[in-house]
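Below is one structure; the comments refer to it alone.
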Amino acid sequence: MEFIKRLAGLYTTVQPVLDILVLSFLLYQVYGILIKTQAVQLLKGAVSLLIIYAVAFILRLNTLLWLLNTLAPGLLIGVAIVFQPELRKIFLKIGQSDWFRMGKRSTHSHLDSVLTSAEILSKRRRGMLAVFTRKNGLRDIVETGTRLNAELSSSLLVTIFGHDTPLHDGAVIIQGGRVVAAGCFLPLSEQQDIRKSFGTRHRAALGLSEETDSVVMIVSEETGAISLAYDSKLYYDLTSAEITRQLEGLLDLGGDSSAMEDSGNERPEFD
Ligand SMILES: Nc1ncnc2c1ncn2[C@@H]1O[C@H](COP(=O)(O)OP(=O)(O)OP(=O)(O)O)[C@@H](O)[C@H]1O
């Protein structure tokens with residue numbers, strides 16, 4: 001009995017810390033999702049309205065307060081309509097998050113296999129789209145293609161993308177060293193400021209990176225450029241060393257993905 005009382009006493013001390021930790025974690029996750037879905041505009045709008053409301057409340061600007069209170073339901077519906085794509089992306093990310101996933105993770109040799117195949121395909125001017133899954137599951141995307149569940153190897157990827165077979169059209173989904181599916185259809189990005197010369201392959205890679213936390217490697221059929229798309233950005237025409245460094249960080253293989261921001265020539269490719 002004494003022990004339970006002590007435990008309860010200890011919990012009372014720890015409770016505020018736990019409260020703050022859980023709240024910080026949730027706020028951090030929400031912030032991450034907002035940044036990655038480019039819904040910061042939505043946040044800025046909401047904060048501006050809150051500030052106006054607070055000022056009106058403190059200064060007792062009754063007419064403004066009345067107007068804001070009257071318009072609030074309409075504003076909420078309006079915001080939901082105007083920011084429907086952003087809200088959709090936020091909910092998609094939350095819904096697909098699999099924070100407790102225990103599945104196998106990608107390793108260095110998986111990364112090397114994909115990069116080797118990308119280099120071979122690049123020389124042969126064959127296009128490729130390879131998706132590395134991270135926390136978000138891609139069940140819906142996998143359903144659009146053909147399930148393979150095959151062991152990942154560079155020869156398998158070169159076989160898929162190097163020949164005009166039905167599976168070369170679309171993307172392969174890679175998870176934990178296995179090619180889960182091929183010929184998958186990815187959502188197309190609607191970003192306007194992406195380079196005009198980019199076709200649907202690059203748009204599809206960018207589109208998936210807007211809706212999920214996946215990393216997509218693209219080989220351009222036209223130029224042979226190897227690029228990466230993640231966190232709603234496209235990093236065009238990277239060297240093998242840059243790709244390795246990025247993927248090491250993004251797939252938790254001991255590298256540093258923040259290196260992208262530090263080096264000059266690796267800016268996202270928009271104009
Ligand atoms: N939504 C999509 N999901 C998956 N793959 C797609 C999608 N849209 C296009 N692709 C792939 O991209 C190919 C068309 O590439 P397109 O030439 O339009 O793009 P691109 O970005 O200019 O690339 P490239 O530089 O390789 O020509 C299709 O044959 C198909 O394999």
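For ligands, and for the atoms within them, numbers begin at 1 and follow the listed sequence. Model, not experiment: these values are computed from the prediction.
Both L71 and W66 belong to a common hydrophobic cluster when Ile, Leu, Val, Met, Phe, Trp and Tyr are linked at side-chain heavy-atom distances under 4.5 angstrom.
For the pair G199 and ligand 1, the shortest N or O to N or O distance falls below 3.5 Å. For ligand 1, the polar-atom distance check finds an N/O of G170 within less than 3.5 Å of one of the ligand's N/O atoms. Checking only distances, D169 does come within under 3.5 Å of ligand 1, N or O to N or O.
In this structure a side-chain-to-backbone donor-acceptor pair under 3.5 Å is present from R178 to N149. Of the possible donor and acceptor atoms, one in the side chain of T13 sits under 3.5 Å from a partner among the backbone N and O of G9. Within the 3.5 Å criterion, the main-chain N or O of V114 finds no donor-acceptor partner in the side chain of S154.
In this structure, R147 and V142 have side chains that are in contact, with non-hydrogen atoms separated by less than 4.5 Å. Counting heavy atoms from C-beta outward, L247 and M217 have side chains that approach closer than 4.5 Å. Side-chain contact between S209 and D231: absent, with no pair of heavy atoms (C-beta onward) separated by less than 4.5 Å.
Nearest to atom 17 (O) of ligand 1 among the protein's heavy atoms is R201 NH2, 4.8 Å. The protein heavy atom nearest to atom 26 (O) of ligand 1 is E221 N, 2.5 Å. Counting only heavy atoms of the protein, atom 21 (O) of ligand 1 lies nearest to H202 ND1, 2.6 Å. Closest to atom 1 (N) of ligand 1 among all protein heavy atoms lies L186 O, 2.8 Å. Protein heavy atom at the shortest distance from atom 7 (C) of ligand 1 is A204 CB, 3.8 Å. Distance from atom 6 (C) of ligand 1 to its nearest protein heavy atom, with residue and atom name: L129 CD1, 4.1 Å. What sits closest to atom 25 (O) of ligand 1 on the protein, heavy atoms only, is S220 OG, 2.4 Å. What sits closest to atom 9 (C) of ligand 1 on the protein, heavy atoms only, is T200 OG1, 3.1 Å.
Ligand 1 lies out of reach of A225, whose nearest heavy atom is not under 4.0 Å from it.
Applying the 6.0 Å contact sphere to CD of E143 captures more than 12 heavy atoms from other residues, nucleotides or ligands.
Y230 and Q246 share a donor-acceptor pair across their side chains, judged by distance under 3.5 Å alone.
Every atom of ligand 1 is numbered from 1 in the order shown, and the set under 4.0 Å from a heavy atom of C184 is 3 (N), 4 (C). Residue-ligand proximity, L188 to ligand 1, at heavy-atom distances under 4.0 Å covers atoms 1 (N).
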